[in-house]
Protein chains: 2
Amino acid sequence: MSMLAISKSTIATQIVEELRRRIIKGEYRAGMKLQQEQIAQELGVSRSPVREALRQLEAEGLVILISQKGAEVAPISASEVAEMFEIRLQLEPHLLALAIPQMTAADLSEAARLIALMETSDVGNWGMLNWDLHRTLYSPAERPTILRMLERVHQNIDRYLRMEITRYDGRATAKAEHQTLVSLCRAGQVERAVSLLRMHILNATAHLPEMAKPDNGGTS
Amino acid sequence: MSMLAISKSTIATQIVEELRRRIIKGEYRAGMKLQQEQIAQELGVSRSPVREALRQLEAEGLVILISQKGAEVAPISASEVAEMFEIRLQLEPHLLALAIPQMTAADLSEAARLIALMETSDVGNWGMLNWDLHRTLYSPAERPTILRMLERVHQNIDRYLRMEITRYDGRATAKAEHQTLVSLCRAGQVERAVSLLRMHILNATAHLPEMAKPDNGGTS
DNA sequence: CCGCCGTCGAATGTATGAAAGTTTCTATGC
DNA sequence: GCATAGAAACTTTCATACATTCGACGGCGG
């Protein structure tokens, strides 16, 4: 009855996780063709679970399936990423405002821990840790569905940033903003925390290729 | 060169569309078990494309797959629906504000056409037409990614409403609001249209079971 | 020399078969 | 009579075999 590591469930699921990791980490570049037979051989399985995995990844937006032609890693355009930042800008401040009154000491120390971790961790994990931090801050709002949606958004943004040559390193700025943000949360300063979060998200868009930048939606 | 009804390419894709339709229309009730063999026989195909379809529907949130146990139609809780209304409330007014300056006469007449259509159409199609209308209004904003996300949200809300006994019929109210909304868009009254849209979305939540109702996120 | 067409090859899509796990029903022991 | 162990039937899961489609290559004709 140990059951320490959760049973890996099905092969198809494992393939999904492995391929998703490779795509997000940039090991599979956007536009790269994904051949079922080759993937199957490399992983030592048959094509059936590979096909199922590709279907699932398509629904997640990481892969494009063209009938009778095969699968390729979905490209992300700068404009898509700009839209994803818009989504963040509309949803995350809302969640933070709901979360702050519900935050516990444990939430705040977990946030602090993640901020510290982000400094020492290598750049390859920064995006994931960044989402871990944001999720920690929004989690007390008790909005699991919205969080799942945002997780996918962050995933795609992370992938795009990894892809881009720009690789402007905003980590120093981000760290300062994160620290201030957590302080404001600890102090229960909802308004100021929300404002800072808006600026924090906008700052992250500042170095995207010049495209439609999100505006504040007229909510003054 | 007739090619009237395009063969939708692959069988798996057709199965996805058929099963999605059945789930959204409520023909398959939440929690219902979906057996591969039975579905395959009924549709006259083999299990392979059925399995792929179920995988995709799982990623869309309409189906739950439990390893070694099978698939069932995903339940929707009232709180999930409440979250989806929150998402609408945060994103749709933003899109509308962006869209209004870009609207053409064609957009507005299409909206009017859909409003008329909603009156005569039977209740089974109301939800889909409602989304068609809203999408028409947001489409000039040129935010395809956000629209895709909202489409899924509307899909799930529609499914929930169909499921519920409550079936409060807000269509009359909705129609009046829709008409006023289009008028404000035509007049270029961004602020007032956005306000009305917020109220319109909130009104739709008014008859959900008493749960955490969305608030305005503190953006006064 | 250019362009069209038919054949061949490779990868995808679908069906079927075999193995593993789950559920159910029965029969047995207490 | 009830609980439980065990076997049978069923379902899922993965692998393999078959069918189909797309693209490339080369020959043939203009």
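Atom set for the values below is all heavy atoms of this structure, side chains included, hydrogens, waters and symmetry mates excluded. To find a chain, count down the sequence lines: A is the first, B the second, and so on, and within it residues start at 1. None of these values were measured; they are calculated from a predicted model.
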Distance-only criterion, 3.5 Å: show the donor-acceptor pairs between side-chain atoms of residues 34-43 of chain A and protein atoms not counting sequence neighbours.
{"unit_1": "Gln36(A)", "atom_1": "OE1", "unit_2": "Arg47(A)", "atom_2": "NE", "d": "3.2"}
{"unit_1": "Glu37(A)", "atom_1": "OE2", "unit_2": "Gln41(A)", "atom_2": "NE2", "d": "3.2"}
{"unit_1": "Glu42(A)", "atom_1": "OE2", "unit_2": "Arg22(A)", "atom_2": "NH1", "d": "3.0"}
{"unit_1": "Glu42(A)", "atom_1": "OE2", "unit_2": "Arg22(A)", "atom_2": "NH2", "d": "3.0"}

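When the side-chain contact (heavy atoms from CB on, under 4.5 Å) test is applied to Ala74(A), the partners found at least two apart in sequence or on another chain are Ile64(A), Arg159(A). Annotation: salt bridge (Lys or Arg N to Asp or Glu O under 4.0 Å) contacts of Lys25(B) (sequence neighbours excluded): none. Residues passing the ring pair (Phe, Tyr, Trp, His ring centres under 6.0 Å) test with Trp131(B), sequence neighbours excluded: His154(B). A search for side-chain contact (heavy atoms from CB on, under 4.5 Å) contacts involving Arg113(A) returns Glu110(A), Leu117(A), not counting sequence neighbours.
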Sugar-phosphate or base contact per nucleotide [nucleotides 8-15 of chain C; S, B, -; heavy atom under 4.0 Å]: ---SBBBB
